[in-house]
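Any value given below was found using the heavy atoms of this structure, including those in side chains, with hydrogens, waters and symmetry copies removed. First listed ligand is number 1; within each ligand, the first listed atom is number 1.
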Amino acid sequence: MTNIVVTGRIPHPGIERLGTVGSVWAWDDDEPIPTDVRNAHLAHADVAVTLLTDRVDDAFLDAAPQLRMVANVAVGYNNIDVAACQRRNVIVTNTPGVLTDATADLAMALVLMSTRRLGEGERLIRSGAAWQWGMFMMLGRGLQGRQLGIVGMGGIGVALARRARSFGMTIAYHNRSAVNADVANELGATRHELRQLLATSDVVSLNCPYSPETHHLIDADALQSMRSDAFLINTARGPIVDEAALVAALRNGAIAGAGLDVFEHEPTVHPDLLQLDNVVLVPHLGSATVETRTAMAMLAADNVVAVVNGGAPLTPVG
Ligand code: DGY
């Protein structure tokens with residue numbers, strides 16, 4: 001019998017699917033699993049189904065001597081030491097594709113919230129302060145004819161570009177390789193060096209994976225090279241941005257505003273960001289729809305089913 005340990009709550013259909021190929025033990029609480037509880041179950045686990053809040057490193061793997069597979073219920077896998085898994089012949093999978101639309105929707109929502117000052121407006125109403133319609137009240141920026149610069153033109157970047165086009169934006173991007181010609185033509189998308197993209201875009205959206213190469217990709221210099229009327233959106237991973245430098249840039253007017261779904265030291269948010277009106281803050285909600293989270297759990301489970309049945313993983317990493 002294959003022992004499957006699920007380290008956090010996932011939608012039930014995923015658990016049911018896992019149950020078709022093994023005996024499942026799942027942590028069923030919104031609080032993180034205590035390490036001693038996790039390790040006690042990992043001791044007999046053949047498969048671990050993990051969340052992005054799990055650190056799958058040597059300590060995790062040491063606790064799981066018979067582990068064959070880690071199925072991460074996330075597209076990002078920076079929480080997993082893939083090299084350490086490979087050294088121990090542990091297969092790693094993630095959940096690409098199924099959260100593309102939800103994450104692109106949220107990125108577009110942050111573009112709109114930031115440029116139209118919706119967080120600020122909501123706070124004003126909730127504060128109970130007196131207000132009245134005014135010709136110059138809380139003016140934002142329109143998107144028509146503005147350039148969206150996308151850093152990381154994978155599936156989510158492309159899906160965001162499609163949404164932004166319908167708001168009249170033009171698309172520029174920075175990516176290691178060019179997107180295929182059909183997609184580039186459809187979007188009218190042009191490829192740029194990072195600094196050129198930052199210097200020319202009205203809105204910059206981060207949609208690249210987090211890795212040592214992208215750590216603090218957006219640092220003080222990068223922020224300084226952006227336009228003072230530009231906005232930064234991050235739905236990728238927090239540490240891509242130097243949060244202290246972002247606070248300074250938002251404060252001194254180096255950029256106009258930001259919309260953040262992810263944070264450098266998540267779940268801690270830089271305390272100064274909380275004081276600033278020109279930043280919209282949401283708690284890592286990119287894939288947070290019922291449909292998407294269910295699809296993520298199912299894809300993770302399908303990967304497990306494939307491997308336990310002797311097949312190849314559907315969406316392997318590394
Ligand atoms: C992911 O999957 O990497 C998102 O950040 C959360 O769903």
Side-chain angles (χ1 to χ4, degrees), residues 6-15 26-27 30 32-33 48-57 60 69-82 85 92-111 150-160 163 205-215 217-218 232-241 243 258-269 280-304 313-318:
V6 185
T7 58
R9 284 189 69 207
I10 66 169
H12 199 67
I15 300 283
W27 176 250
D30 285 327
I33 185 171
V49 177
T50 55
L51 304 184
L52 60 83
T53 43
D54 292 305
R55 190 79 241 110
V56 181
D57 52 10
F60 184 106
M69 176 176 192
V70 174
N72 206 37
V73 190
V75 64
Y77 51 87
N78 54 295
N79 59 310
I80 296 179
D81 184 340
V82 176
C85 290
V92 180
T93 61
N94 68 341
T95 61
V98 292
L99 45 72
T100 297
D101 283 326
T103 309
D105 287 347
L106 190 96
M108 195 65 222
L110 287 178
V111 173
I150 298 178
V151 180
M153 197 64 159
I156 296 171
V158 169
L160 171 62
R163 285 151 176 78
S205 174
L206 305 178
N207 298 100
C208 54
Y210 175 60
S211 67
E213 291 76 50
T214 59
H215 179 79
L217 183 70
I218 304 300
L232 178 73
I233 307 300
N234 190 5
T235 55
R237 284 292 184 267
I240 297 172
V241 177
E243 219 162 74
L260 306 178
D261 184 40
V262 288
F263 302 91
E264 184 170 0
H265 304 290
E266 210 170 298
T268 302
V269 177
V280 175
L281 307 167
V282 292
H284 205 148
L285 298 177
S287 65
T289 69
V290 172
E291 298 83 355
T292 302
R293 289 282 163 82
T294 304
M296 290 165 70
M298 292 304 272
L299 179 51
D302 285 343
N303 269 296
V304 174
L314 309 177
T315 50
V317 160

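Ligand 1 is surrounded by Leu52, Ala74, Val75, Gly76, Leu99, Arg237, His284, Ser287, Met296, each with at least one heavy atom closer than 4.0 Å.
Under the side-chain hydrogen bond (donor to acceptor under 3.5 Å, both in side chains) criterion, Glu243 pairs with no residue, sequence neighbours left out.
Among residue pairs with one or both ends in residues 281-304, those qualifying as salt bridge (charged side-chain N to carboxylate O under 4.0 Å, His left out) are Arg17-Asp302; sequence neighbours excluded. Residue pairs meeting the salt bridge (charged side-chain N to carboxylate O under 4.0 Å, His left out) criterion with at least one member in residues 102-111, sequence neighbours excluded, are Asp105-Arg163.
Looking only at atom types and distance, the side chain of Thr315 has a donor-acceptor partner in the side chain of Asn303 under 3.5 Å away.
Applying the side chain to side chain contact (heavy atoms under 4.5 Å, CB included) test between Arg237 and each of Asn79, Leu52, Leu206, Thr214 identifies Leu52 as the sole match.
Within the model, atoms CG of Asp54 and CG of Asn72 stand 7.5 Å from one another, a figure rounded to the nearest 0.5 Å.
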